[in-house]
There are 2 protein chains.
Amino acid sequence: MLLVKRIVRHTKYMAKTSTKKLPPGRLKIVRALKTLLGKKDFNSITTAEIAKTAGVTEGLIYKYFNDKRDLLFKVLLELFEQFLLQMEKDLKGVEGSLNKLRSIIQSTLFWYDQQRVFTRILLVEVRNSPDFFKSEAYQQCVRDYSKIIMDIIHEGIGLDEIRKDIKPSVIRQVIQGSVEHVCLPAIIFNREIAVEPATEDLCRTIFFGIKQ
Amino acid sequence: MLLVKRIVRHTKYMAKTSTKKLPPGRLKIVRALKTLLGKKDFNSITTAEIAKTAGVTEGLIYKYFNDKRDLLFKVLLELFEQFLLQMEKDLKGVEGSLNKLRSIIQSTLFWYDQQRVFTRILLVEVRNSPDFFKSEAYQQCVRDYSKIIMDIIHEGIGLDEIRKDIKPSVIRQVIQGSVEHVCLPAIIFNREIAVEPATEDLCRTIFFGIKQ
DNA sequence: TTTATTAAGTAAGTGTTACTCACTCTTTCC
DNA sequence: GGAAAGAGTGAGTAACACTTACTTAATAAA
């Protein structure tokens, strides 16, 4: 059952990205933006620059993407799928709801630290796009990520490992918000994330509280 | 001593906004952007629109502001000063570090819920501006807000009300991150924030942890 | 009161940039 | 072989942020 679920998941995430035979121009465009995002922020990257880096004409971008932002969403989607795969892999075999949450926190911190381009897109670049929340990247990946956490919380409540007197959605928001807020300054000021100690501090706070 | 500090703060926050005699055109521009931000997001507001709403010419914007973003930062600065004043007022007379943190959380949730324009600027619009972090609004207000929280945490640790084995900065990030993440969907999807229950849930989580 | 100086505000640009459209070349497949 | 669909081009455009040279109004010194 679990195995089946994983295979379903796997094909689900891989479908859009690598399996389907996509036109080479499209791949080149996506790769070009990824490269450029390593050097400068999205707003200061021009479509002309993307085209030049990709070795195609500007017009081609608009054959495959609705607009510049849409291209960004697609890049995010691709990177997000990889992240979710890794996270679920890390999660495998972990027992107990709190340990599972710890695993997710650690995986996320690690991934955010390693995949700076991905993290900057997710935490800073797409935030102010109202239509990001209608995009595949959001509807598919972000929600999936949230759902994984929610399921663990509900499981934890059912097994009496997590208190019942807090709204599960707020617990989820505390976890996600804390993680993001720990990573944000690191991403913006290009500092590294101390994954292990940050995981420890976050879990200690979220699991046991700050009260002496 | 405390009184002196408050007076200093007060004049500090008011200095930029209301006290100084600013040219009417400047005020009209700031007011115009505030109005427009109530209706649409920053990126889809044009400088021409701002000028027209303000009843001045486009060029005047660039007499008083470096660029369109800088104008946004100034608007945020103004609104942030008001927020800090209110927050400190709410905090007055509250005893105990945890109660103080609760007060801050509640004030923030309330203000975020009421001042949608302010909150949208702060949580979504300025995030992807690399130079926001060099702006007055950040260097003065955001840091001030963080510092207030940090001081309370340190006080709490000193008085044995808050555990010593978590990095104070992480505690601060958990608080700020949680609050922001609770408010973000409400701001984006224009839902109202249930201030009291959210405050309760957040405090319960952060103070006592989610572990049963 | 005159004159010099600074500040407030204007009007007409300009360069850049995201995006479009009509077209060609290439592949696929009956 | 030919048609239909897909991949890719390149010239062009409208919109937009921002500039610059200028005018008008207020301030202050002589």
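Values reported hereafter were calculated over all heavy atoms of this structure, with side chains retained and with hydrogens, waters and symmetry mates removed. So you know, we letter chains A, B, ... as the sequences are listed, proteins then strands, and number each from 1.
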> Which part of the nucleic acid, if any, lies within contact of Thr46(A), taking any heavy atom under 4.0 Å across all strands shown: a base, the sugar-phosphate backbone alone, or nothing?
Replying inline: sugar-phosphate

> Lys28(B) NZ to dT10(C) C1': how many Å, rounded?
Replying inline: 12 Å

>> Any side-chain N or O of Thr47(B) below 4.0 angstrom from OP1/OP2 of dC16(D)?
In response: no

>> At 4.0 Å (heavy atoms only), tell me whether Gly59(A) reaches a base, stays on the sugar-phosphate, or touches nothing.
In response: base

> So Gln106(A) and Arg102(A), side chain to side chain donor-acceptor pair (under 3.5 Å) or not? Walk me through it.
Replying inline: CA-CA 6 Å; Gln106(A) 177 152 10; Arg102(A) 172 181 275 112; over 6 Å; no

> Hey, are Gln176(B) and Ser146(B) close enough side-chain-wise for a donor-acceptor pair under 3.5 Å?
Replying inline: yes

> Is the distance between the ring centroids of Tyr145(B) and Phe83(B) under 6.0 Å?
Replying inline: yes

>> Rounded to whole Å, please give me the gap between NZ in Lys52(B) and C1' in dA11(C).
In response: 17 Å

> Looking at Tyr62(B), does any N or O in its side chain come under 4.0 Å of the phosphate oxygens OP1/OP2 on dC18(D)?
Replying inline: yes

> dA7(D) P sits how many Å from Leu27(A) CG, rounded?
Replying inline: 11 Å

> Roughly how many Å is it from CD in Glu58(B) to P in dT19(D), rounded to a whole number?
Replying inline: 12 Å

>> From CG of Asn43(B) over to P of dA18(C), roughly how many Å is that when rounded to an integer?
In response: 13 Å

>> Under 4.0 Å, counting only non-hydrogen atoms across every strand here, what does Tyr64(A) touch: a base, just sugar-phosphate, or nothing?
In response: sugar-phosphate

> What is the distance from NZ of Lys68(B) to C1' of dA15(D), rounded to the nearest Å?
Replying inline: 12 Å

>> Nearest heavy atom decides the nucleotide; on that basis, is Lys63(A) or Phe42(A) closer to the 5' end of DNA chain C?
In response: Phe42(A)

> Over how many whole Å does the gap from Leu60(B) atom CG to dG9(C) atom P extend?
Replying inline: 6 Å

> Side chains of Gln115(A) and Gln82(A): is there a donor and an acceptor less than 3.5 Å apart?
Replying inline: no

> Within this structure, what is the CZ-to-P distance between Phe65(A) and dT20(C), rounded to whole angstrom?
Replying inline: 15 Å

>> What I want to check is whether the side chains of Gln140(B) and Asp144(B) have a donor and an acceptor closer together than 3.5 Å.
In response: no

>> From the set dG8(D), dC18(D), dT9(D), return the single nucleotide nearest to any side-chain atom of Val56(A).
In response: dT9(D)

> Under 4.0 angstrom, heavy atoms only, what part of the nucleic acid is Ile45(B) near: base, sugar-phosphate, or nothing?
Replying inline: sugar-phosphate

